[in-house]
Each structure stands twice: as structure tokens, then as C-alpha cells.
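These values consider heavy atoms only, across backbone and side chains, with no hydrogens, waters or symmetry-generated copies. Ligands are counted one by one from 1 in listed order, and the atoms in each one are counted from 1 as well. Here, residue 1 is the first one in the sequence, and each next residue gets the next number.
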Amino acid sequence: MATKITKAVIPAAGLGTRFLPATKAMPKEMLPVVDKPAIQYVVEEAVAAGLTDVLMITGRNKNALENHFDRMTELESTLQQKGDTDRLSKVEFSNDLADMHYVRQGDPRGLGHAVLRAKMHVGHEPFAVLLGDDLIDDRDVLLSRMLEEQEGRNATIIALMEVDPAQSHMYGIATVEPTDDPDVVHITGLVEKPAQGTALSNLAIIGRYVLRPEIFEVLERTDPGKGGEIQLTDALQEMAENDIAGGVYGVVFRGRRYDTGDRLDYIKAIVQLAVERDDLGPDLRPWLQQFSATLD
Ligand code: UTP
């Protein structure tokens, strides 16, 4: 089902401190996952769900992001002259993927603050937010399901995933009650990164949201929370608690998600994706088996 929502917001202004020094002069969203920057997977996902108007929230090192989604005339004509059409099409693919827009965040004062920078562009309509830390396998459906739920319920919809309780202190955690749909829950409370052992459930927020424009008013009055940052989770908690603009629902995702937010998970994501690729998998798989046999 095609929905009326057309805008996606991709915050990419964080400092990426967990990846320093790689992220000293480059946003972490540009780190390659196999041979594509993480941000391109996310833009492709938005476009596949019908969201062709993409607003990127950029920080200090925005040039690499803008350049990636723009023409590279010199590179393109060199590949053309060489007759390397395969690589040329890879380079050209990201040029016209979406209608790209950019806005600066200035100081990275948190994810909530980054989303607030989208207010002018979004206007008074629902929109999606996608984070480059979470890659969703394109064989599994998530965003289009969330867009349909948003239209059906006219509420705020966030993506949730069951996580190991030992990891719940690293996520925003939701308290929920069931709905008549086994994949959808009504959210009664949200806590950003609860102290270890205090999480009230194992349902964690993953980086996909379909928000209503009322989020902007709530974010404007949201004080800095965890880490001194304006947290999107805190604004969503207020919307859930006070049932603002239809309240908050979660779509529980049971598909394949690759976490690229920290170094270990990033390495795992690359290996997982590469073994499944036709061009790399057949050589990588036996090498991995041999290599793992040398470990004890
Ligand atoms: P993270 O907290 O994972 O990103 O934010 P970070 O702060 O860059 O990472 P570390 O912890 O220092 O390594 C989740 C998403 O929100 C964006 C980030 O770019 C990332 O995509 N973000 C975060 C902003 O755009 N602005 C901010 O102020 C904070």
C-alpha cells in the first residue's frame, strides 16, 4: 500500500566518538559497510519505502555526505573513458537516488535536537526518521509496515526489537501493552538507556521512527537528559505518557538488523553482509571457516 508520507529525515551530525580517529574528519555515516557507506543503505531503504524527499541533518564534516549524493564529473568521465561501465553505474547510482536536502545542526546537542532541525523542512505532516547506525536487511519489511501503521492509527510509530536483557542499558527501552495485532504494541513508557538491571522490558528502540509533527513542539520543551543531550526518547516518552497526538505505538521487528554503531558490531555487520554477497561470499566463506579453525 502506498502511503502519503514522502519525507525522510536522516540525522548524521553526531560526533561518532566510538570510531575515532576514523571519524575525525568524516561522519561515521560514511564508514563503508562492505563497499557502500552506511548512509547509502539508509537512503536506499527510505526510497524503497516511497520516501524520495530526504533531509539529512549534517554536522562539521558534511562535505563527504553531500559529495556522495552528487555528481563526481571527473571520476565519472575517467571511468567512461576506460569503458568501466560496471563501476560507472555504481558511482552514478547514488547521484539521483533521492531528492536530497541538507541542514546543519551546529552543535551536536543530541538526537532530539537534530530532529528539531527538520521542523521547517517537514512542515505539518508526518515524516520518517532513519538512523545510519541500524541497517535493516532489504529482504525484510519494516519501514513500509510502519508507514502503513501511521496512516491507519494516525499516531506516532517507532520500531522495536527484542534484545538480550544484558544489553538493555545500551538502548531506549519501551514498556508496552498488547494490541490485537501481534506485531504492534501500545507504548505506555520509554526510558533512554536505563541503568543496568533496571529495564522494565527487553523491547528496545531501533533507529526507525514515523513521527507526527507535534513532536517538534514537544522537543522544543524537552530538557537535556542522558549525557546532557536532548533525547528523542524523552520527547516520545512525554507523547506516550500523555497520549499526545494519538499516543505512541511500536512495530516489533523480527527480521535481520545490522548494528553498525560500535566497532565490534560494525565488524560483525560487514562479515554477515559480505558472506551473503554473490561476488564475495564464495571466497570469503571457506576462508572464514579456515580462519575460525585457527582460533581456540
Ligand atoms: P549516536 O549517539 O549513536 O551517535 O546517535 P554519535 O553521538 O555520533 O556516536 P558516538 O556515541 O559519539 O560514537 C545516533 C544518531 O543520531 C545522530 C548521529 O549522527 C547518529 O546517526 N546524532 C546524534 C545527530 O545527528 N546529532 C546529535 O547531536 C547526536
- [ ] If the plane angle is over 60° it's perpendicular, under 30° parallel, otherwise tilted; pick one for Tyr249 and His186.
- [x] tilted

TODO: Using a cut-off of 6.0 Å, state whether more than 12 heavy atoms not belonging to Arg87 lie near its atom CZ.
DONE: no

- [ ] Consider ligand 1: state whether an atom of it lies below 4.0 angstrom from any non-hydrogen atom of Glu229.
- [x] no

Task: N/O donor-acceptor pair under 3.5 Å between Asn242 side chain and Ile244 backbone - done: no

Open item on the list: Nearest non-hydrogen contact with atom 21 (O) of ligand 1 belongs to which option: Met56, Arg117, Lys226, Glu29?
Closed with: Glu29

Task: Flag side-chain contact, heavy atom, 4.5 Å: Phe253 against Arg208 - done: no

Open item on the list: Quick one: does any side-chain atom of Thr260 pair with a main-chain N or O of Asp133 as donor and acceptor, under 3.5 Å?
Closed with: yes

- [ ] Using a 4.5 Å cut-off on heavy atoms from C-beta on, say whether the side chain of Phe127 contacts that of Asp53.
- [x] no

Open item on the list: Please determine whether any non-hydrogen atom of Gly261 lies less than 4.0 Å from an atom of ligand 1.
Closed with: no

Task: Non-hydrogen side-chain atoms of Glu149 and Asp181 separated by less than 4.5 Å - done: yes

Open item on the list: Return the NZ to CZ distance between Lys62 and Arg104, rounded to the nearest 0.5 Å.
Closed with: 5.0 Å

- [ ] Starting from atom 2 (O) of ligand 1, find the nearest protein heavy-atom neighbour and note its residue, name and distance.
- [x] Arg18 NH2, 4.4 Å

TODO: Could you tell me which atoms of ligand 1, counted from 1 in the order shown, lie closer than 4.0 angstrom to a heavy atom of Arg109?
DONE: 28 (O)

Task: atom 25 (O) of ligand 1 - nearest protein heavy atom and its distance - done: Ala13 N, 2.9 Å

Open item on the list: A side-chain contact here means heavy atoms from C-beta on lying under 4.5 Å apart; do Val122 and Leu211 qualify?
Closed with: no

Open item on the list: I need the nearest protein heavy-atom contact for atom 23 (C) of ligand 1: residue, atom name and distance, please.
Closed with: Gly14 CA, 3.8 Å

Task: Arg18/Asp262 ion pair, N-O < 4.0 Å - done: no

TODO: Decide whether an N or O pair under 3.5 Å exists between Gly110 and ligand 1.
DONE: yes

TODO: List the closest protein heavy-atom neighbour of atom 14 (C) of ligand 1: residue, atom name, distance to the nearest 0.1 Å.
DONE: Asp133 OD2, 4.0 Å

Task: atom 16 (O) of ligand 1 - nearest protein heavy atom and its distance - done: Leu111 CD1, 3.5 Å

- [ ] Decide whether the shortest distance between a heavy atom of Gln105 and an atom of ligand 1 is less than 4.0 Å.
- [x] yes

TODO: Could you tell me whether ligand 1 has any atom less than 4.0 Å away from a heavy atom of Ile57?
DONE: no

Open item on the list: Out of all atoms in ligand 1, which are within 4.0 Å of some heavy atom of Thr17? Include the element for each.
Closed with: 10 (P), 11 (O), 12 (O), 13 (O)

Open item on the list: Does Gln80 form a side-chain hydrogen bond (donor to acceptor under 3.5 Å, both in side chains) with Glu76? I'd like the steps, not just the answer.
Closed with: CA-CA 6 Å; Gln80 198 131 39; Glu76 286 167 37; over 6 Å; no

- [ ] Could you tell me which atoms of ligand 1, counted from 1 in the order shown, lie closer than 4.0 angstrom to a heavy atom of Ala114?
- [x] 24 (C), 25 (O), 26 (N)

Task: Protein contact of atom 1 (P) of ligand 1 - nearest heavy atom, named by residue and atom, plus distance - done: Lys28 NZ, 3.8 Å

- [ ] Specify whether the nearest protein heavy atom to atom 5 (O) of ligand 1 is under 4.0 angstrom away.
- [x] no

Open item on the list: With a sphere of 6.0 Å drawn around CD of Glu74, does it hold more than 12 non-hydrogen atoms of other residues, nucleotides or ligands?
Closed with: no

- [ ] Using heavy-atom distances, let me know which of Gly132, Ala12, Gly227, Gly16 sits nearest atom 8 (O) of ligand 1.
- [x] Gly16

Task: N or O pair under 3.5 Å between Leu15 and ligand 1 - done: yes

Open item on the list: With respect to Leu131, determine whether any N or O atom, backbone or side chain, lies less than 3.5 Å from an N or O atom of ligand 1.
Closed with: no

